[in-house]
Amino acid sequence: MKFVAAWGFVTALKLLIAVHLPLFGDEAFYAWSARHLAWAYTDVPGGTPALIALGTALAGDTAFGLRWPFLVLGAALPWLVVRLARRLGDASSAWRAGLWSLPLPLLLPLGTLGLPDALLTFAVLLALDALVGLAAAPQRRAFDGLHGQLALALVLGALAHYRFLPVLAVGGLAALWLLPRPALRSPGLWLALLAGALAWWPVLAFNATIDGAGWRFQFVERHPWSFEARGLLQPIEQALVVTPLLYLASLLALWRGWRCGGPARLAAACAGGLLLFYALLAPFADRARFSLHWPLPAYLIATALLPAVLDHWRRRRPWWPAATATLAVSGTLLVAALFALPALPGLAARTAGSGLYPDNFLGWREVAAAVRQHRRPDEVLVADHFMLAAQLAFALDRERRVFVLDHWNNHKHGRAAQLALWGYDETGLAALPAGTPLLLAIEPGETPAQEHAAWLGRACRWIEDLVPIAVVAGPGEGKWFWLYRGQRRVGEQPAGCAVPLPPESATTQ
C-alpha cells in the first residue's frame, strides 16, 4: 500500500535525523525540567518534561533517548488523519488523505525534536476525531469509547502547551454550533469536558503561586499587542511553507467540507477557525517568535478533506495533482536537507554561523568538552544565560545544578521565573558559601559586543578573582564561548570592578 510505504520512508528519515541531530536549545531546557518533574512550569505544562523523563529512563541520556516519545507521537499523526478521513468518507479516500499528509513540509520536524508541538498536535487530532465520531452518531448517552477518547485528548492538550487554549476556544465554539443536539445533551460529553477542564487545575494552581508568571509570559509579555503591518503577510508566509498549491488545495478542501455539512462541516470549521485565529493574531504578535508551524494541526485536518478537491482537479486540470505533489515533496525534502546540516559534521563546519544552520543547535558539544577539560572537581558551574546552562546540564551527564546569571535571554524566553523557583538564579548563586570555587561559561554572541565589559562587570557582583582560562570555538564561524575561573565573592563588590577579556591565545578547538 502506497501510504504504508511512504509513511515508513518518512518515519525512517525522521528517525535518522533524530539520532544524529545535535540537541536543540529548547530541548535541553525541557530535559533540565525533566530533572525537576512537576505538573507545570513557567513556560509549559508538565507533559513535555514528563515525556523526556520517560524517554531517557528507557533509552538513556542521549538525544535519541530524549526524542523517541515525540517520534512515536509524530509517527502516529498520519494514521490519525486516516482515521479522521475514514469517518468523513470511504476507505480509499482515507488512505489517500493519509498519503497527502506526509509531504506537508511542516510535518517533518514534528516529532524529530523533543518539543511540545508533537503532543499538542496529537491531542488536537485525537480530540477532533472524537468530535467527528460523536457528530456522526449523536445518539450516544453513556460515557463510551469516543467520550473517553475526547477526555484523553483534552487532558493531553492541557499537559502539552498553553497554545491548546485557542484550540479549545475554536473547537468549543464549533462544537456548540454544529454538533447535533442529542450529542450535546449526552452526559458522556459533559463528563469528558469536565475531565479536560480539571486537567488545567495544575497550571492554574501553579500560576497562583508565582503571581501568574506563566500566563503573563505566554499571553502578555511575549507579544507587543500593537499593530504591525508586516503581520498581514502571514497567509503568504503560510502558503510558502506549506507550498502554494497544497495550501490552495487545503483552503478549498475546508470550503468544500463546510458546504458538505454534517461532520465534514464540523472538521472544516475547527481547522478554518484555527487558521483564521492565527491570521488575525499575526499583526499583533511578536514576529520574531510567531512560529510558522503553529497552524499545522489545521492543515492536517484539511488533508482529511483533500481527496475530493484533488479528484475535481484531476478531472478539470489533470496536471494539477501531480504538480501539487511535486511541490510538496520538494518542500519536505528541502526541510529534511536543512535539518541534515547540523546533523552531518562536515556540513555543519561549512555552514555554521549562516542562516542555514539554526543557532540553537550550535556549539554546545565544543563548550561541554572544554568544560570537562578545564573544570576542577570542586568547582560549581555557572552560565551567563539559561540556554547555555541547559545545554551544559544535559551534556555533562545531565547535571542537575547549574547557576545562571540574570541575562535578558532568560526573560525573553520566559525562563527567569523558573530558574528562580529552582534556586539556580543569582539569588541561589548568592546563597553559596563565600569562597566556593566557580567555573563561569559565557556565550559572548548573546550579548552585544559593546556591552561585553559591562556584562562581565555584572559577574563581579557575585564572583571574584575571575581569570579567563579558555576561548572555545564552535564549528565553523558559528559561536564562541569564554571560560573563566573564580570564586564566590567574599564581602561587597568593590567599586570599578573590571574583568579582563580573554586573550586570543587562549582559544581552544
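By convention here, the first residue in the shown sequence is residue 1.
- Taking the six-membered ring for Trp, Trp319 and Trp313 have ring centres at least 6.0 Å apart.
- Salt bridge annotation for Asp311-Arg96: present, with a cationic side-chain nitrogen under 4.0 angstrom from a carboxylate oxygen.
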(request) For the pair Leu115 and Glu27, evaluate side-chain contact (heavy atoms from CB on, under 4.5 Å) and give the outcome as yes or no after the intermediate values. (result) CA-CA 6 Å; Leu115 300 176; Glu27 288 182 290; 3.9 Å; yes

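- In this structure, His36 has its ring center closer than 6.0 angstrom to the ring center of Tyr424.
- Phe3 and Trp95 have tilted rings, their planes meeting at an angle from 30° to 60° on a 0 to 90° scale.
- With Phe284 as reference, Phe227 is the one residue of Tyr278, Phe227, Phe277, Trp225 to meet the ring pair (Phe, Tyr, Trp, His ring centres under 6.0 Å) rule.
- A salt bridge is defined here as a Lys NZ or Arg NE, NH1 or NH2 lying under 4.0 Å from an Asp or Glu carboxylate O, and Asp425 with Arg415 fails to meet this definition.
- Between Phe386 and His407, a ring centre-to-centre spacing not shorter than 6.0 Å is recorded.
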(message) side-chain contact (heavy atoms from CB on, under 4.5 Å), that's the test. Do Leu99 and Thr303 meet it? Break it down for me.
(response) CA-CA 9 Å; Leu99 187 62; Thr303 58; over 6 Å; no

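- Residues His385 and Trp408 place their aromatic rings such that the two centres sit no closer than 6.0 Å.
- Ring to ring, His312 and Trp320 are not that close: their centroids are 6.0 angstrom or more apart.
- Between the OH atom in Tyr41 and the CH2 atom in Trp422 there is a gap of 7.0 Å [rounded to 0.5 Å].
- Checked by atom type, the side-chain pair His411/Asp406 shows a donor-acceptor distance below 3.5 Å.
- In this structure, Trp215 and Phe219 have parallel ring planes: the angle between them is below the 30° cut-off, well short of the 60° mark.
- Ring centers of Trp100 and Tyr299: at least 6.0 Å apart, outside the cut-off.
- From Leu113, atom CG reaches atom CG of Leu23 across 9.0 Å, with rounding to the nearest 0.5 Å.
- Considering only residues two or more places apart in sequence or on other chains, Arg83 meets the salt bridge (Lys or Arg N to Asp or Glu O under 4.0 Å) condition with Asp129.
- Atom OG1 of Thr42 is separated from atom CG of Asn207 by 9.0 Å, given to the nearest 0.5 angstrom.
- A salt bridge is absent between Lys412 and Glu221: the closest approach of a Lys/Arg side-chain nitrogen to an acidic carboxylate oxygen does not fall below 4.0 angstrom.
- Put simply, CG on Leu125 and CG on Leu296 are 8.0 Å apart, with the number rounded to the nearest 0.5 Å.
- Contact detail for Leu392 and Ala441: the closest heavy-atom pair is CD1-CB, 4.0 Å.
- Each of Leu156, Leu154, Leu119 was checked for a side-chain contact (heavy atoms from CB on, under 4.5 Å) with Phe164, and the lone residue meeting it is Leu154.
- A pairwise comparison of heavy atoms in Thr62 and Gly65 identifies OG1-N, 2.9 Å as the closest pair.
- Atom CD in Gln391 sits 11.0 Å away from atom CG in Leu396 (nearest 0.5 Å).
- A pairwise comparison of heavy atoms in Arg163 and Leu120 identifies NH1-CD2, 3.4 Å as the closest pair.
- For the residue pair Thr48 and Gly114, the shortest heavy atom distance occurs at CG2-O, 4.1 Å.
- For the pair Pro45 and Leu159, the tightest heavy-atom approach, listed with the atom from each and the gap, is CB-O, 3.4 Å.
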(message) Asp26 vs His413, test: side chain to side chain donor-acceptor pair (under 3.5 Å). Steps then yes/no.
(response) CA-CA 10 Å; Asp26 286 329; His413 294 275; 5.2 Å; no

(request) Could you give me the CA-CA distance, side-chain angles and deciding distance for Thr121 and Leu73, then say whether side-chain contact (heavy atoms from CB on, under 4.5 Å) is met? (result) CA-CA 9 Å; Thr121 306; Leu73 292 172; over 6 Å; no

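- Here the shortest heavy-atom pairing between Pro49 and Gly46 reads CD-O, 3.5 Å.
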